[in-house]
Amino acid sequence: MSKHRQPVTVLPVPFHHGASRPGTDGGPQAVLQAGLLEKLKQLKRPATILPPLEWQKLSKDRRSMERMRNWGRVQAMNEDVAELVLSIAKSGAFPLTIGGDHSISIGTIAGLTQHIQQLGVIWIDAHADMNTPKTTPSGNLHGMALAASLGLGDARFTNMYGVNPKLQSKRVVLVGSRELDEGEKRNIYASGISCFTMHDIDRIGMARVMERAIAIASYGSEGIHVSFDIDSVDPGEAPGTGTPVRGGLNYREAHLAMEMLYDSGRVTSADLVEVNPSLDPSGRTARLAVELIGSLLGERIL
């Protein structure tokens with residue numbers, strides 16, 4: 001099926017228990033209200049919006065620990081996400097998961113890699129999400145999502161579906177990193193994944209960085225998953241996120257990244273996470289999220 005006509009199935013995941021700051025549970029609804037369905041119709045993409053994942057059923061789950069806060073809720077939610085994403089992928093649709101905090105990507109990748117074993121990943125984020133329970137300064141599982149997918153961390157998250165690791169480091173790329181914990185730096189070097197920081201983007205430009213990132217994630221892969229954290233964008237453009245860091249991607253750099261990913265013809269799934277509408281009553285961040293999804297799915301200036 002042509003990438004221009006592949007149907008899109010949107011999975012809203014209103015969840016915040018992987019982060020310190022509440023509010024990302026309102027992210028999916030904010031993105032939908034900002035015009036996501038209308039954008040997909042404009043792009044002539046057949047679209048299905050699934051009902052929001054009911055994380056409320058997890059409210060009685062009190063399993064937690066200092067180094068993995070709310071791990072019971074995060075585990076149960078990710079098991080549900082993995083099953084739904086796997087079903088979407090098997091149906092032939094493009095899985096588009098809308099968070100929620102970045103911990104939901106543990107389930108997204110677990111489900112996808114049951115369908116596409118040789119999956120490339122481009123993780124666009126101000127943070128690496130490469131902590132483990134041994135290195136985390138916060139205990140927040142949204143900061144461990146990529147590490148878990150690479151087999152680093154607690155078995156409750158690394159061994160979903162009995163497959164560990166889910167990803168091969170030679171096909172995983174970080175883009176836009178600018179706030180890394182010391183333990184994450186060690187894990188990045190030890191794992192062998194590629195990392196293009198904001199310094200690299202400043203030095204060689206976004207186009208060159210994305211060319212390299214796409215080539216790395218494409219090598220020997222059956223498709224690329226794009227995991228886009230809205231905090232990769234400078235908070236001057238995207239104020240509605242719980243972990244803002246100055247000096248991020250500007251408006252055009254973010255769009256160029258998405259446009260080049262679409263042009264590659266290699267992207268088979270995506271998630272967009274960490275929109276927190278409680279921190280942006282104007283809705284500016286949610287509208288930007290819709291625009292970026294549009295660029296990823298083929299919208300052009302001309």
Side-chain angles (χ1 to χ4, degrees), residues 13-28 30-31 55 66-71 73-74 77-78 97-106 108 121-133 135-149 153 157 174-185 187-188 195-199 201 226-251 253-254 257 270-289 292:
V13 186
F15 190 79
H16 72 260
H17 294 289
S20 291
R21 200 166 192 171
T24 52
D25 50 310
V31 173
W55 67 264
E66 183 181 359
R67 295 263 169 193
M68 287 197 306
R69 296 175 65 250
N70 302 313
W71 70 261
R73 295 177 183 179
V74 176
M77 177 273 301
N78 273 299
T97 309
I98 306 294
D101 70 64
H102 218 157
S103 69
I104 72 169
S105 296
I106 299 172
T108 301
V121 170
I122 297 180
W123 197 274
I124 305 176
D125 197 329
H127 310 89
D129 298 342
M130 282 290 289
N131 271 308
T132 68
T135 65
T136 176
S138 69
N140 293 327
L141 276 155
H142 71 163
M144 307 184 209
L146 183 55
S149 300
F157 297 99
L174 286 161
V175 174
S177 304
R178 60 188 186 277
E179 186 174 70
L180 304 176
D181 298 319
E182 290 304 316
E184 288 184 296
K185 294 176 185 178
N187 289 338
I188 289 169
C195 181
F196 294 98
T197 68
M198 286 306 302
H199 170 77
I201 292 170
V226 176
S227 191
F228 193 98
D229 189 321
I230 201 68
D231 74 17
S232 63
V233 183
D234 190 84
E237 293 288 350
T241 186
T243 50
V245 185
R246 292 177 62 191
L249 303 178
N250 65 35
Y251 181 86
E253 286 171 335
D271 53 40
L272 192 144
V273 299
E274 298 284 356
V275 172
N276 189 329
S278 70
L279 302 173
D280 180 16
S282 71
R284 179 181 180 185
T285 308
R287 290 192 297 273
L288 175 61
L292 291 170

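Just so you know, residue 1 is the first one in the sequence shown, and it goes up from there. Here the structure is a predicted model, which is why all the values come from computation and not from measurement.
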From [atom1] ([X]) to [atom2] ([Y]), nearest 0.5 Å:
X      : Y      : atom1 : atom2 : result
His199 : Arg178 : NE2   : CZ    : 15.5 Å
Ile230 : Asp280 : CD1   : CG    : 10.0 Å
His142 : His16  : NE2   : NE2   : 12.0 Å
Leu292 : Phe228 : CG    : CZ    : 5.0 Å
Ser138 : Glu66  : OG    : CD    : 10.5 Å
Ile188 : Glu184 : CD1   : CD    : 6.0 Å

TODO: Could you go through the side-chain contact (heavy atoms from CB on, under 4.5 Å) check for Phe15 and Val74 one step at a time?
DONE: CA-CA 9 Å; Phe15 190 79; Val74 176; 3.9 Å; yes
Got [X] and [Y] here, is their nearest side-chain heavy-atom distance under 4.5 Å?
X      : Y      : answer
Arg21  : Ser278 : no
Thr285 : Thr241 : no
Glu237 : Arg284 : yes
Thr24  : Val273 : no
Thr135 : Met130 : no

Open item on the list: Please enumerate all residues that pass side chain to side chain donor-acceptor pair (under 3.5 Å) together with Thr132, with sequence neighbours excluded.
Closed with: none
TODO: For a side chain to side chain contact (heavy atoms under 4.5 Å, CB included) with Val175, tell me which candidate from Leu249, Ile201, Thr197 qualifies.
DONE: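 Considering Leu249, Ile201, Thr197, a side chain to side chain contact (heavy atoms under 4.5 Å, CB included) with Val175 is found only for Ile201.
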Over all heavy atoms of both residues, which pair between [X] and [Y] is shortest? Give the atoms and the distance, please.
X      : Y      : value
Ala128 : Leu180 : CB-CD2, 3.4 Å
Pro22  : Asp25  : C-OD1, 4.4 Å
Gly153 : Pro133 : CA-CD, 3.9 Å
Gly27  : Pro277 : N-CD, 3.8 Å
Val233 : Ala254 : CG2-CB, 4.1 Å
Asn276 : Gly242 : CB-N, 4.3 Å

Task: Heavy atoms of other groups near Arg287 CZ, more than 12 under 6.0 Å - done: yes
Open item on the list: Ignoring hydrogens and geometry beyond distance, is a side-chain donor-acceptor pair present between Asp271 and Ser227 at under 3.5 Å?
Closed with: yes
Task: Positive for side-chain hydrogen bond (donor to acceptor under 3.5 Å, both in side chains) with Asn131, one of Asn140, Asp181, Thr136 - done: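 Of the listed options, the one satisfying the test is Asp181.
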Task: Asp101 side-chain N/O to Ser103 backbone N/O, donor-acceptor pair under 3.5 Å - done: yes
- [ ] Kindly say whether Leu146 contributes a backbone atom to a donor-acceptor pair with the side chain of Asp129 at under 3.5 angstrom?
- [x]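 The answer is no, because no donor-acceptor pair under 3.5 Å joins these two groups.
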TODO: Kindly indicate, with the supporting measurements, whether the criterion side-chain hydrogen bond (donor to acceptor under 3.5 Å, both in side chains) is fulfilled by His102 and Asp125.
DONE: CA-CA 10 Å; His102 218 157; Asp125 197 329; 3.1 Å; yes
Task: For Ser149, side-chain contact (heavy atoms from CB on, under 4.5 Å) partners two or more places apart - done: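 If we apply the side-chain contact (heavy atoms from CB on, under 4.5 Å) test to Ser149, skipping adjacent residues, the hits are Ile109, Leu167.
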